Peer 1: 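The structure that follows is given in the form of structure tokens.
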Amino acid sequence: RRRGIFRFSTVCIKPDTVLTWRRNPDITCTVYDDRNVLFEGKVTSLSEAANIVNLREGHKCTAMPGTDWWMFEGQTLAAYRLEIETLIGE
């Protein structure tokens with residue numbers, strides 16, 4: 001089943017929360033609003049921020065779901081979302 005658009009509010013993540021990059025926790029972005037992050041001084045989507053980092057790391061893929069690459073409390077946002085949905089029975 002395809003999931004709907006990711007919104008931070010659906011997983012109770014508030015603005016100003018810092019997210020870390022899956023392959024390097026020194027790379028971070030900050031939740032800006034319900035759908036966007038602040039990355040390197042620019043408001044952008046999770047996926048666009050993931051694409052930027054991925055290209056800098058030398059990878060060629062530019063179609064990356066940001067929820068698979070940005071982490072919150074030690075797990076990807078995709079895994080965290082699944083955990084929350086399982087807990088509330090969605």
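Quantities reported herein were computed from a predicted structural model and do not represent experimental measurements.
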Peer 1: Please check: side-chain N/O of Ser47 versus main-chain N/O of Met64, any donor-acceptor pairing under 3.5 Å?
Peer 2: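 It does hold such a pair.
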
Peer 1: Does the plane of the ring in Phe72 sit parallel, tilted or perpendicular to the ring in Tyr80? Use 30° and 60° as the thresholds.
Peer 2: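 Taking Tyr80 first and then Phe72, their aromatic rings stand perpendicular (interplane angle over 60°).
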
Peer 1: Can you hop from Phe39 to Val18 via hydrophobic side chains spaced under 4.5 Å?
Peer 2: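 No: no chain of side-chain contacts under 4.5 Å links Phe39 to Val18.
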
Peer 1: Look up atom CZ in Phe6 and atom OG in Ser45, then write down how far apart they are to the nearest 0.5 Å.
Peer 2: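 Output value for this atom pair is 12.0 Å.
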
Peer 1: Quick check: closest heavy atoms across Gly66 and Ala50, and the distance to 0.1 Å?
Peer 2: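 Looking at all heavy atoms of both residues, the shortest contact is CA-CB, 4.1 Å.
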
Peer 1: Other than Leu55, what residues sit in its cluster of Ile, Leu, Val, Met, Phe, Trp and Tyr side chains whose heavy atoms are under 4.5 Å apart, directly or through others?
Peer 2: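 Traced through the cluster, Leu55 reaches no other member.
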
Peer 1: Please report the interatomic distance OG1(Thr67) to CZ(Arg81), rounded to the nearest 0.5 Å.
Peer 2: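 The OG1 atom of Thr67 sits 7.0 Å away from the CZ atom of Arg81.
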
Peer 1: Taking all atoms of both residues into account, what is the closest heavy-atom pair of Thr44 and Ala49, and its distance?
Peer 2: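 The answer is CG2-CB, 4.0 Å.
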
Peer 1: Give a yes or no on whether Leu19 and Tyr32 share a hydrophobic cluster (residues Ile, Leu, Val, Met, Phe, Trp, Tyr; joining criterion: side-chain heavy atoms under 4.5 Å apart).
Peer 2: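 Per the 4.5 Å side-chain linkage, Leu19 and Tyr32 are not co-clustered.
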
Peer 1: When rounded to the nearest 0.5 angstrom, what distance separates CD in Glu83 from CD in Glu73?
Peer 2: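 If we round to the nearest 0.5 Å, Glu83:CD and Glu73:CD are 9.5 Å apart.
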
Peer 1: How far does CG of Leu77 sit from CG of Leu82, to the nearest 0.5 angstrom?
Peer 2: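 These two atoms lie 12.5 Å from each other.
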
Peer 1: Could you grab the distance from atom CG of Asn36 to atom SG of Cys29, nearest 0.5 Å is fine?
Peer 2: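 Rounded to the nearest 0.5 Å, the CG-SG separation comes out at 10.5 Å.
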
Peer 1: Is there a donor-acceptor pair closer than 3.5 Å between any side-chain N or O of Trp21 and the backbone N or O of Val53?
Peer 2: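 It does not hold such a pair.
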
Peer 1: Could you tell me whether a side-chain N or O of Arg22 sits under 3.5 Å from a main-chain N or O of Met71, the two making a donor and an acceptor?
Peer 2: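 No; zero donor-acceptor contacts below 3.5 Å.
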
Peer 1: Around Asn24, counting heavy atoms of other residues, nucleotides and ligands shown, do more than 12 lie under 6.0 Å from its CG?
Peer 2: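 Atom CG in Asn24 is crowded, with more than 12 foreign heavy atoms closer than 6.0 Å.
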
Peer 1: Please say yes or no: joined through hydrophobic side-chain contacts below 4.5 Å, possibly via intermediate residues, are Leu38 and Ile52 part of one cluster?
Peer 2: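 In one cluster with Leu38: Ile52, no.
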
Peer 1: Taking all non-hydrogen atoms of both residues into account, name the closest pair between Pro25 and Thr20 and its distance.
Peer 2: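 Closest heavy-atom pair between Pro25 and Thr20: O-CG2, 3.7 Å.
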
Peer 1: Can you tell if the side chain of Val37 reaches within under 4.5 Å of the side chain of Thr30, non-hydrogen atoms only?
Peer 2: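 Of all side-chain heavy-atom pairs linking Thr30 with Val37, none is under 4.5 Å.
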
Peer 1: Got a second to check how far Asp33's CG is from Arg7's CZ, nearest 0.5 Å?
Peer 2: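 It is 10.0 Å, given to the nearest 0.5 Å.
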
Peer 1: Heavy-atom distance under 4.5 Å between the side chains of Val31 and Trp70, does that happen here?
Peer 2: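 No, side chains not in contact.
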
